[in-house]
Amino acid sequence: DNLLTRVIESEETHQTLADVINHYIGNLEPRLEVVLPDITAADLALNKSLVDVEAAYKMLTLVQDLELTDINELTNIRSVKAFGELLNLDTDAALLDRLVDIPLIYHVYERVLISEFGSEALA
């Protein structure tokens, strides 16, 4: 429990996640023809309450239900369309509902939208 707390609440973890999000935002900017501000580690405000046993179970169950044959199916997502196809959004939104029901996923989504990035992207 102490190790998990240190990992989730470490500045290095926050910065790494912010860097990953900014990488994907950077890939979207040319397509959207905008320049968006970076997400900062402070914008994310991660804490241990977002990753408890129930949340971890939800994450693992969702990954299992995606029926992935290779981890590259996740790492090769390069568009919103590809993400939608992975979640089978053309036929059912159940997996998306379960995805946003995971506290960590919902928190990051919410924090990104209320950040300066979200304000600019939605303007």
Side-chain angles (χ1 to χ4, degrees):
D1 188 45
N2 192 20
L3 176 62
L4 179 62
T5 300
R6 287 195 319 254
V7 169
I8 294 300
E9 294 182 349
S10 82
E11 186 61 32
E12 185 177 338
T13 299
H14 298 190
Q15 189 58 54
T16 299
L17 185 55
D19 291 346
V20 168
I21 291 169
N22 288 325
H23 170 76
Y24 285 105
I25 289 170
N27 289 342
L28 289 174
E29 287 177 330
R31 289 184 232 156
L32 299 176
E33 298 179 0
V34 296
V35 175
L36 300 168
D38 284 345
I39 298 295
T40 67
D43 289 335
L44 297 177
L46 299 177
N47 60 71
K48 183 182 175 280
S49 69
L50 300 170
V51 185
D52 58 12
V53 172
E54 182 182 348
Y57 178 78
K58 286 179 180 181
M59 281 188 251
L60 293 172
T61 302
L62 179 68
V63 169
Q64 180 181 4
D65 291 347
L66 290 173
E67 299 177 357
L68 301 173
T69 57
D70 187 339
I71 192 66
N72 288 331
E73 291 178 61
L74 286 178
T75 59
N76 288 333
I77 296 173
R78 298 287 186 253
S79 67
V80 172
K81 181 180 179 189
F83 180 72
E85 289 170 353
L86 178 70
L87 294 177
N88 297 315
L89 290 180
D90 56 337
T91 59
D92 189 5
L95 288 175
L96 180 61
D97 291 342
R98 290 179 39 216
L99 179 68
V100 296
D101 189 43
I102 297 169
L104 177 64
I105 302 296
Y106 182 81
H107 177 80
V108 170
Y109 167 77
E110 178 183 52
R111 298 301 298 184
V112 167
L113 286 180
I114 65 172
S115 70
E116 184 181 345
F117 162 78
S119 300
E120 298 232 358
L122 297 173

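Just so it is clear, the values below take in all heavy atoms, side chains as well, and ignore hydrogens, waters and symmetry mates. Since we're looking at a predicted model, the values are computed, not measured.
Between Leu46 and Val108 there is a side-chain heavy-atom pair separated by less than 4.5 Å. In this structure, Thr16 and Thr13 have side chains that are not in contact, with every pair of non-hydrogen atoms separated by 4.5 Å or more.
Taken to the nearest 0.5 Å, the CG atom of Asp90 stands 6.5 Å off from the CG atom of Asn88. Interatomic distance, CG of Leu96 versus CD1 of Ile105, reported as 11.0 Å (0.5 Å rounding). One finds the CG atom of Leu104 at 7.0 Å from the CG atom of Leu17 (value rounded to the nearest 0.5 Å).
At distances below 3.5 Å, not a single donor-acceptor pair connects side-chain atoms of His107 with backbone N or O atoms of Ile102. The closest donor-acceptor contact from the side chain of Asn22 to the backbone of Ala18 lies under 3.5 Å. Not one N or O on the side chain of Asp65 forms a donor-acceptor pair closer than 3.5 Å with the backbone of Leu62.
Counting non-hydrogen atoms of other residues, nucleotides and ligands closer than 6.0 Å to CD of Glu12 gives a total of 12 or fewer.
Residue Leu87 comes nearest to Leu66 through the heavy atom pair CD2-CD2, 3.6 Å, listed as atom of the first residue, atom of the second, then distance. Across Glu9 and Lys48, no two heavy atoms sit closer than the pair OE2-N, 3.4 Å. Residue Asp101 comes nearest to Lys58 through the heavy atom pair OD2-NZ, 3.0 Å, listed as atom of the first residue, atom of the second, then distance.
Hydrophobic clustering (side-chain heavy atoms under 4.5 Å, transitive across Ile, Leu, Val, Met, Phe, Trp, Tyr) keeps Val20 apart from Leu44. Note: the hydrophobic cluster containing Met59 does not contain Tyr57 (ILVMFWY, side chain heavy atoms under 4.5 Å, direct or indirect links).
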